[in-house]
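Just below is one structure, and these are the notes that go with it.
First the proteins, then the strands, lettered A, B, ... as listed; each starts at 1.
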Amino acid sequence: MLTVKYIREHTEKIIESQKKRGLDVEKQLHQILSLDFSKRSIQKKLNSIQAEINSRNSLIPQLIKSGQHKEAQDLIKKNSSLKKSTGQLSQEFQQNQKKLNNYLIDIPNIPHPEVPEGTTADHNVEIFNSGKIPQILNKALPHWELASKQNLIQFENGVKLSGRGFPVYVGKLAQLQRGLVNFFLDQNIQAGYKEYALPILVNEQSGFATGQLPDKEGQMYHIEKDNLYLIPTSEVPLTNLYRDSYLKESDLPIKMTSYTPCFRREAGSYGKDVKGLNRLHQFDKVEIVRIEKPENSSNALQEMIAHVKRILTLLELPFRVLKLCGGDLGFTASITYDFEVYSAAQEKWLEVSSVSNFESYQSNRLQLRYRDKHHNRHLLHTLNGSALALPRILACMIENFQDSTKLIIPKAVAEYTGFDSIEFSDS
RNA sequence: AGAGAGGUGGCCGAGUGGUCGAAGGCGCACGCUUGGAAAGCGUGUAUUCCGAUUGCAUCGGAAUCGAGGGUUCGAAUCCCUUCCUCUCUGCCA
């Protein structure tokens, strides 16, 4: 979230830039400013009363020692009456603070100046296109048809076990998926990211710190008995490793990667684009996260974009990169680039990666800071991206790399699977 | 799940009612020492908020010893609630 100090100093700028999201935050910001003002005036009063009490308290033991009991009793009486007023004031102070916090939590991150105007996904700006739209095979089948026919994915069994959105991968396709995970992880490790194997259940605090709570409360699976949440992305545990941290300049940058399953309830998204692997409740993803000094975060973002591009190129899939417009930007992100792969049989683009700079928005909740050479304290910047999410990659591979007899595995991946094609049984 | 122990500053660790924001050590920073380094010596070293002055330097104040509440003129220290960790037992992949 934004700091009050920042809001105080940049009120107009924030109001202006939130318009890119289609939001009018003027009223909220003024609420925040007035709550902040009253908070400070309450604190001022409280502090001075407390100071008075404290100064008397330090006299009392001295008076008692020197036998001046009457004087001591006098001070005690004065203090106990003062104390009553502090009780009320501190209650007011706390309530004020709570209100202030609720407003603060509600303000999304400020869109970066580079974020294009626009209200819907149609206004996202294409900044890169790999250029090679594949020749579509005459009878190219969408992945759900082909994979079902060849018994590579069992959607019905998934429904039997869990419900819609929990596919079962079979045989070579399961192997291909495993190979891809290793391929992605190795690519990330080679690029300097350290691998972590993480819990996929996290507590409330972790969910809050990266911004999933309370914003996406309804989108996460919640285990009430233990008050734990199934992670919607490994961004959550990965980034929270550095919650409540003070880093040294020499520790930076921090580059991490992790493979985890991800869980999303996808409440409210039924009916649209949910066929096959397009939208799932459980899927596998390899994530990259970086923690950077503020002045380096833009460069880091560019590096991440280049990195994901490289992986997609190795996969030989046609793809494009979009700069998200304000209306399509996530709550916590300052700027986001989406990677979409072209699915020939579906004749549409599917999002396979999303790379974002959160600047200090998450750090403020995480309390993730560093100390510079002059011993001044600053919030760090966090960034993350998928490298990559599995199901849609699989879907595109199935749709783009099929011929009449087999599915062809790209070279770079074949090293990991141990086979370079999946033969179809004729039927 | 049951029983017990415990949660103190970047880390370890002392501290059971009164200058305790907290001894000591480690670490870190700067300085001295040295041909250089280590060792040694010296100095400094928590965070947040409010205020003054305004250079993110300095000064004053408040709060914080897991969290919340209570007792008291006064609590890290006593009481209650709660969360978490560890050990043993039970159970088990």
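Here the CG-NZ distance, from L252(A) to K293(A), works out to 7.0 Å after rounding to the nearest 0.5 Å. Atom OG1 of T260(A) is separated from atom OH of Y196(A) by 15.0 Å, given to the nearest 0.5 angstrom. The CG atom of L213(A) sits 11.5 Å away from atom CD of Q219(A), with the distance rounded to the nearest 0.5 Å.
Mapping K77(A) and R40(A) onto RNA chain B via the closest heavy atom, the residue that lands nearer the 5' end is R40(A). If you find the closest nucleotide of RNA chain B to L75(A) and to Q367(A), the one lying nearer the 5' end belongs to Q367(A).
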Evaluate H281(A) against F263(A) for ring-ring contact (aromatic ring centres under 6.0 Å, His included), listing each step before the verdict.
CA-CA 5 Å; H281(A) 289 308; F263(A) 303 88; over 10 Å; no
Stepwise, does the side chain to side chain donor-acceptor pair (under 3.5 Å) test hold for Y221(A) with R264(A)?
CA-CA 7 Å; Y221(A) 289 98; R264(A) 299 185 183 180; over 6 Å; no
Given the rule in the ring-ring contact (aromatic ring centres under 6.0 Å, His included) test, do F319(A) and F128(A) qualify, once you have shown the distances and angles that lead to the verdict?
CA-CA 8 Å; F319(A) 70 98; F128(A) 178 85; 5.4 Å; yes
Under the salt bridge (charged side-chain N to carboxylate O under 4.0 Å, His left out) criterion, do K19(A) and D24(A) qualify, and how do the steps go?
CA-CA 6 Å; K19(A) 285 180 184 163; D24(A) 182 7; over 6 Å; no
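rC26(B) sits 31 Å from rG17(B) when the C1' atoms are compared, rounded to a whole Å. The separation of rU77(B) from rC65(B), taken at their P atoms, amounts to 8 Å, rounded to a whole angstrom. Going from the C1' atom of rG7(B) to that of rA14(B) covers 15 Å, rounded to whole Å. For the P atoms, the distance from rU82(B) to rC73(B) is 28 Å, rounded to whole Å. Comparing the same atom, P, in rA22(B) and in rG10(B) gives a spacing of 15 Å after rounding to whole Å. rC80(B) and rG2(B) are spaced 23 Å apart, taking the C1' atom of each and rounding to whole Å. Between rC78(B) and rG74(B), the two C1' atoms lie 13 Å apart (nearest whole Å). Annotation: rU33(B) and rU16(B) have their C1' atoms spaced 45 Å apart (nearest Å).
L379(A) places its CG atom 14 Å from the C1' atom of rC56(B), with the value rounded to the nearest Å. Rounded to an integer number of Å, the gap from NZ of K5(A) to P of rU48(B) is 11 Å. Taking atom CG on L228(A) and atom P on rC83(B), their separation rounds to 13 Å, with Å as the unit. Whole-Å rounding puts the Y370(A) OH to rU47(B) P distance at 15 Å. Rounded to whole angstrom, the span from the CZ atom of F37(A) across to the P atom of rC49(B) amounts to 19 Å. In this structure, D226(A) places its CG atom 17 Å from P of rU82(B), rounding to the nearest Å. rC28(B) atom P lies 17 Å from atom CG of L247(A), rounded to whole Å. Counting to the nearest Å, the P atom of rG9(B) and the CG atom of D244(A) are 12 Å from each other.
Nucleotide rG74(B) has no partner under the Watson-Crick or G-U criteria, as no pair reaches both atom distances under 3.5 Å. With a cut-off of 3.5 Å on both Watson-Crick or G-U wobble distances, the partner of rG68(B) is given as rC80(B). Across all strands shown, the partner of rA3(B) is rU87(B), judged by Watson-Crick or G-U wobble contacts whose two distances both fall under 3.5 Å. Pairing partner, rG44(B): rC28(B), with both Watson-Crick or wobble hydrogen-bond distances short of 3.5 Å. Shown here, rC56(B) forms no base pair; nothing in the strands shown gives a Watson-Crick or G-U wobble contact with both key distances under 3.5 Å. For rG21(B), there is no paired base (Watson-Crick or G-U wobble, both distances below 3.5 Å). Shown here, rA38(B) forms no base pair; nothing in the strands shown gives a Watson-Crick or G-U wobble contact with both key distances under 3.5 Å. Checking rU33(B) for Watson-Crick or G-U wobble geometry (two distances, each under 3.5 Å) identifies no partner in any strand.
Dashed line: the shortest gap from a side-chain N or O of Q97(A) to OP1 or OP2 of rU48(B) is not under 4.0 Å. For rC28(B), neither phosphate oxygen OP1 nor OP2 lies less than 4.0 angstrom from any side-chain nitrogen or oxygen of Y246(A).
Nearest nucleotide to the I60(A) side chain, out of rU47(B), rG69(B), rC73(B): rC73(B). If you check rU47(B), rC49(B), rG51(B) against the side chain of K39(A), the one that comes closest is rC49(B).
The closest side-chain heavy-atom distance from T336(A) to V355(A) is not below 4.5 Å.
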Kindly give the atom pairs (protein nitrogen or oxygen, nucleotide nitrogen or oxygen) under 3.5 Å for nucleotides 59-67 of chain B.
{"unit_1": "rG61(B)", "atom_1": "N2", "unit_2": "N47(A)", "atom_2": "ND2", "d": "3.1"}
{"unit_1": "rA62(B)", "atom_1": "OP1", "unit_2": "N54(A)", "atom_2": "ND2", "d": "3.0"}
{"unit_1": "rA62(B)", "atom_1": "O2'", "unit_2": "N47(A)", "atom_2": "OD1", "d": "3.0"}
{"unit_1": "rA63(B)", "atom_1": "OP2", "unit_2": "N54(A)", "atom_2": "ND2", "d": "3.4"}

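If you check every strand for non-hydrogen atoms under 4.0 Å, K83(A) touches a base. Here N57(A) lies in heavy-atom contact (under 4.0 Å) with a base.
Checked by atom type and distance alone, the side chain of Q362(A) pairs as donor or acceptor with a backbone atom of T210(A) at under 3.5 Å.
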